[in-house]
2 protein chains.
Amino acid sequence: MDNNLDLIFKISTINSKIIKNIDSQLSIHGITYSEFLVMHQLSLSAAKTMRRIDLADKVGMSASGITRLLNPMEKIKIVKKEINARDARVSFVKITTAGEELYNNALKSVELCSKEFFEDLNNNDIVKFLEILKKIR
Amino acid sequence: MDNNLDLIFKISTINSKIIKNIDSQLSIHGITYSEFLVMHQLSLSAAKTMRRIDLADKVGMSASGITRLLNPMEKIKIVKKEINARDARVSFVKITTAGEELYNNALKSVELCSKEFFEDLNNNDIVKFLEILKKIR
DNA sequence: GCAATATACTTGCGGACTCAAATATATTGC
DNA sequence: GCAATATATTTGAGTCCGCAAGTATATTGC
């Protein structure tokens, strides 16, 4: 009956295990999981540039969280702020070349690590898994 | 190919969505998700009593996290500390009658909420889902 | 039987967030 | 065209939690 509840607990247990593991891998590159996530989104985006609000939304953080996360990243020049001539309220964030290089290296670690997690799943499992996740409201 | 990575992002997105939702439901009862988790574990355990360390382990928190989490819970008497005659290092935590009452009400909210998340999944999906989660390392 | 080590827990400090308020700019309705 | 409202971002205050160090007690090996 309370498979539902059970499911939620299992998801959150697995999630924190995964994040912890990835975070420890990323610390070798000197970045956190959140920083990796923003670089990932930026490098996927057109022109490697996004509004801070959209970034916040994509990575599941608040706007203020993004501000505080990006500050040190700007300082070490892995991302940079760009103003918007059309709308002075928004400021774009762009991943720099150095940032992309860092990201690509980090990505390799994360991919290796994620492969391990799912080693026991066959392709069918993964497809099914993605399908099920899509059905969650 | 990078279904793996995709999977991880989806899991963590869904996880934070779920926790946020549950947390907002639980705030009506005046408790957080972590507090709910410890009450859940306590009410499942034999004699409704656990060592702090085992509790930490079960809910995926550090020992210090548990100490800080339990302090206010002891103050409002939903759990209470019990000493161990055999080993003076350990202190047990027991959920009180008031705590169990609170937990049972909160549980109803959480169950309702979790049912909604998985509304579009049939029984087969849920079984498959649990199976797959078990295969993750 | 006692020094060395292990275990259970708490405390000090700090990091990573969030929410609400503050600020600055845009848009809308009249 | 300007007041009212909406949007994007930053800042202040506070929460939650982890790590490392501190304290207290138990166990182990000699």
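To find a chain, count down the sequence lines: A is the first, B the second, and so on, and within it residues start at 1.
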Inset, instruction - Answer yes if the ring centres of B:H29 and B:F36 are under 6.0 angstrom apart, and no otherwise. - result: no
Inset, instruction - Output the single nucleotide from D:dG18, D:dT9, C:dC9 whose closest atom is nearest the side chain of B:S91. - result: C:dC9
Inset, instruction - For A:K20, report the nucleic acid contact type (base, sugar-phosphate, nothing); a contact means any heavy atom under 4.0 Å. - result: nothing
Legend entry - Distance below 4.0 Å between B:S64 side-chain N/O and C:dT11 OP1 or OP2: no
Inset, instruction - State whether the distance check finds a donor on one side and an acceptor on the other, under 3.5 Å, for side chain A:R68 versus base C:dG15. - result: no
Inset, instruction - For A:I66, answer base if it contacts any base atom (sugar-phosphate contacts may also be present), sugar-phosphate if it contacts only those atoms, and nothing otherwise; contact means non-hydrogen atoms under 4.0 Å. - result: nothing
Legend entry - Closest to the B:V90 side chain, choosing from D:dA8, C:dC9, C:dA16: C:dC9
Inset, instruction - Show which residues join B:V90 in its hydrophobic cluster (side-chain heavy-atom contacts under 4.5 Å, direct or indirect), or state none. - result: B:F92
Inset, instruction - Scan for salt bridge (Lys or Arg N to Asp or Glu O under 4.0 Å) pairs involving residues 86-95 of chain B, sequence neighbours excluded, and state none if there are none. - result: B:D87-B:R89
Inset, instruction - Tell me what A:A88 touches on the nucleic acid: a base, only sugar-phosphate, or nothing, going by heavy atoms under 4.0 Å. - result: sugar-phosphate
Inset, instruction - Let me have DNA chain D in dot-bracket notation, would you? Count Watson-Crick plus G-U wobble pairs, both distances under 3.5 Å, and use [ ] for pairs crossing earlier ones and | for inter-strand partners. - result: ||||||||||||||||||||||||||||||
Inset, instruction - Nearest whole angstrom, please: distance from the C1' of C:dA8 to the CG of B:L55. - result: 13 Å
Inset, instruction - Give the rounded distance in Å between these two atoms: CG of B:D87 and P of C:dT7. - result: 12 Å
Legend entry - Whole-Å distance separating the CG atom of B:N71 from the P atom of C:dT10: 7 Å
Inset, instruction - Kindly assign one of parallel, tilted or perpendicular to the pair A:Y33 and B:F9, based on the angle between their ring planes and the thresholds 30° and 60°. - result: tilted
Inset, instruction - Provide, to the nearest angstrom, the distance between the CD1 atom belonging to B:I83 and the P atom belonging to C:dC9. - result: 13 Å
Inset, instruction - Could you tell me whether B:G65 contacts a base, only the sugar-phosphate backbone, or nothing, with contacts defined as non-hydrogen atoms closer than 4.0 Å? - result: sugar-phosphate
Legend entry - Distance in angstrom units between B:D54 CG and C:dC9 C1', rounded: 13 Å
Inset, instruction - Specify the separation, in whole Å, of atom CG of A:L69 and atom C1' of D:dT10. - result: 15 Å
Legend entry - Side-chain N,O (A:K81) to OP1/OP2 (D:dA8) below 4.0 Å: no
Legend entry - A:S91 side chain to A:E82 backbone, donor-acceptor under 3.5 Å: no
Inset, instruction - Determine, for B:R137 against A:E119, whether the closest basic-nitrogen to carboxylate-oxygen distance falls under 4.0 angstrom. - result: yes
Legend entry - Pair A:K10 + A:D6: basic N to acidic O under 4.0 Å: yes
Inset, instruction - Mark yes or no for a side-chain to base donor-acceptor pair under 3.5 Å between B:R89 and C:dT7, with no hydrogen or angle criteria applied. - result: yes
Inset, instruction - Hey, which sits more toward the 5' end of DNA chain C by its nearest nucleotide, A:M61 or B:E74? - result: B:E74
Inset, instruction - Report the distance from atom CG of A:N84 to atom C1' of D:dT7, rounded to the nearest whole Å. - result: 13 Å
Inset, instruction - Let me know the distance between NZ of B:K17 and P of C:dT18, rounded to the nearest Å. - result: 17 Å
Inset, instruction - Could you tell me whether a side-chain N or O of B:S64 sits under 3.5 Å from a main-chain N or O of B:S62, the two making a donor and an acceptor? - result: no
